[in-house]
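Along the sequence shown, residues are numbered consecutively beginning with 1. Computed from a predicted model, the values in this text were never measured in an experiment.
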Amino acid sequence: MAELSYHVENGESNKGSMSKELWNNNGSGRTAQNLSTSLMRKKSDPMLVSNVRYEMLRNFLSNLQQVILGTKLAVLFPAIPLAIAADFYNFGRPWIFALSLLGLTPLAERVSFLTEQIAYYTGPTVGGLLNATCGNATELIIALFALYRNKIHVLKYSLLGSILSNLLLVLGTSLLCGGLANIKKEQRYDRKQADVNSLLLLLGLLCHMLPLMFRYAAAPGVLVADSTLQLSRASSIVMLVAYIGYIFFQLKTHRQIFESQEEDDEDEEKAVIGFWSGFSWLVGMTLIIALLSEYVVGTIEAASETWGISISFISIILIPIVGNAAEHAGAIIFAFKNKLDISLGVALGSATQISMFAVPLCVVVGWMMRVQMDLDFSLLETGCLALTIVVVAFTLQDGTSHYLKGVILCLCYTAIAACFFVHNVPAPLDQTSVKMGLKPPSAFSA
């Protein structure tokens with residue numbers, strides 16, 4: 001009866017079931033990111049709201065139970081109103097930053113849950129596109145707010161941190177824990193998915209290095225800022241074209257490479273909320289993520305000064321770890337279960353999405369806003385990215401895994417974290433709106 005009410009709510013008692021069957025029969029469509037965050041979910045008891053008299057109220061309470069209480073991270077939801085109250089009553093800005101960061105953790109997991117629920121009704125292709133777009137919604141929204149406030153250094157640090165965190169911390173911890181838990185077994189994974197993602201990451205690295213090398217190759221005294229910016233915009237278009245090709249490759253021509261294999265005895269997943277309910281919740285949570293992201297971007301300098309930690313360390317290390325804690329934990333749990341294909345899909349898939357979609361998208365959006373966002377991430381940051389991609393490519397070249405590989409990746413991440421912990425330098429003058437005397441752009445400009 002409860003399931004029927006969800007379909008009746010959307011006027012699709014038969015259509016919803018047919019689309020759900022189409023979703024299940026034509027391929028799971030569930031990405032590794034979906035499967036990893038699903039481990040953070042818990043089943044709700046429908047009997048708790050079944051005795052409510054009014055159907056509309058019963059449906060709302062049921063959706064509230066599934067969306068808010070259907071995660072093991074629900075204990076962190078109070079951080080959201082606390083962050084809003086802290087901002088309203090002018091509490092310490094570091095408190096606003098910390099509470100906002102904690103509030104983003106369950107929201108990121110819930111966005112993954114809601115996109116998966118919507119995908120049950122839209123089919124595998126639209127669902128896959130939705131997952132590809134919203135897979136790193138938190139990082140992308142934080143980056144766009146940093147772009148809006150003209151804090152280009154925070155934007156670059158946060159996106160770089162997401163890539164490094166996925167490639168070294170998530171992948172390294174997964175290989176380490178999986179290797180120790182299955183120390184008497186040979187852990188294997190499909191190299192095809194890793195090869196595809198490695199190629200895309202190398203293409204992204206090339207596009208990052210070109211503006212940097214162009215700047216260093218210029219003759220002394222020659223101003224190359226405008227040329228570097230134009231090169232970055234052209235390279236960003238190339239990256240976005242490559243990402244579109246990657247999505248077509250993943251969802252159409254070679255979908256079998258990326259489909260996560262689940263256990264045969266696992267219960268078949270079903271939609272627990274209706275399409276329009278899921279869409280409404282997704283819009284609402286995206287708006288809340290936008291609000292908290294604005295808090296994070298606006299208070300990061302105050303938190304850095306109060307805690308005595310560099311902005312680069314907070315942006316590159318802390319924000320990615322906290323913001324994607326649910327997805328990261330899920331990847332590690334699947335590694336424990338000797339399902340390395342899923343763990344690799346989480347780490348490499350998220351890193352590829354940030355590198356090939358989020359970064360060039362910010363360059364293009366900055367172009368529209370007349371903000372000078374380029375792909376020159378400076379020598380230290382680009383060097384860390386290049387060495388990380390090379391180390392990961394060598395780590396995954398043979399299709400087998402053991403715990404020592406995880407140890408090496410984790411130690412690489414620790415060394416990079418130590419580097420940025422002591423990397424306490426002020427933001428470049430040409431990227432700080434306060435020192436430039438610029439105001440944040442009020443609207444997108446052509």
Mind checking what makes side chain to side chain contact (heavy atoms under 4.5 Å, CB included) contact with Val224, not counting sequence neighbours? Phe214, Arg215, Ala218, Val222, Thr228
Report yes if the side chains of Ser315 and Phe420 come closer than 4.5 Å at any heavy-atom pair, otherwise no. no
Please identify each residue that fulfils salt bridge (charged side-chain N to carboxylate O under 4.0 Å, His left out) with Asp398, with sequence neighbours left out. Lys405
Contacts table for residues 74-101: side-chain donor-acceptor under 3.5 angstrom, sequence neighbours left out:
| from | atom 1 | to | atom 2 | distance (Å) |
| --- | --- | --- | --- | --- |
| Asp87 | OD2 | Tyr295 | OH | 3.4 |
| Arg93 | NH2 | Gly298 | O | 2.6 |
| Ser100 | OG | Ile96 | O | 2.7 |

Worked verdict on Glu301 versus Ile311 for side chain to side chain contact (heavy atoms under 4.5 Å, CB included): CA-CA 7 Å; Glu301 288 91 351; Ile311 293 179; 3.7 Å; yes
Judged by atom type as modelled, is there a donor-acceptor pair below 3.5 Å linking the side chain of Asp341 to the main-chain atoms of Asp190? yes
Does Ser312 reach the main-chain N or O of His423 with its side chain, forming a donor-acceptor pair under 3.5 Å? yes
To the nearest 0.5 Å, how far apart are SG in Cys384 and CD1 in Ile416? 4.5 Å
Quick one: does Leu385's side chain get under 4.5 Å of Leu205's, heavy atoms only? yes
Are Ser235 and Leu231 packed together at the side-chain level, in the sense that at least one heavy-atom pair is separated by less than 4.5 angstrom? yes
Decide side chain to side chain contact (heavy atoms under 4.5 Å, CB included) for Cys419 and Leu380; before the verdict, give the C-alpha distance in whole Å, the side-chain angles of both, and the deciding distance to 0.1 Å. CA-CA 9 Å; Cys419 173; Leu380 177 62; 3.8 Å; yes
Got a sec, which residues hit side chain to side chain donor-acceptor pair (under 3.5 Å) with Gln187, two or more places apart in sequence or on another chain? Asn338
Side-chain heavy atoms of Gln193 within contact of Val196, under 4.5 Å: no
Could you check whether any side-chain N or O of Thr299 sits under 3.5 Å from a backbone N or O of Ala302, counting only pairs where one atom can act as donor and the other as acceptor? no
For residues His208 and Leu212, determine if any side-chain heavy atom of one lies less than 4.5 Å from a side-chain heavy atom of the other. no
Which side-chain N or O atoms in residues 167-182 pair as donor and acceptor under 3.5 Å with protein atoms at least two apart or in another chain?
| from | atom 1 | to | atom 2 | distance (Å) |
| --- | --- | --- | --- | --- |
| Thr173 | OG1 | Leu169 | O | 2.5 |
| Ser174 | OG | Val170 | O | 2.7 |
| Asn182 | ND2 | Gly178 | O | 2.9 |
| Asn182 | ND2 | Phe336 | O | 3.3 |

Ile319 side chain near Ile300 side chain, heavy-atom distance below 4.5 Å: yes
Result block: side-chain N/O donor-acceptor pairs under 3.5 angstrom for residues 355-365, not counting sequence neighbours:
none

Under a 4.5 Å cut-off applied to non-hydrogen side-chain atoms, are Leu104 and Val322 in contact? no
Using a 4.5 Å cut-off on heavy atoms from C-beta on, say whether the side chain of Lys156 contacts that of Asp374. yes
Using the side-chain contact (heavy atoms from CB on, under 4.5 Å) rule, pick out the option among Leu155, Leu147, Val154 that qualifies with Lys151. Val154
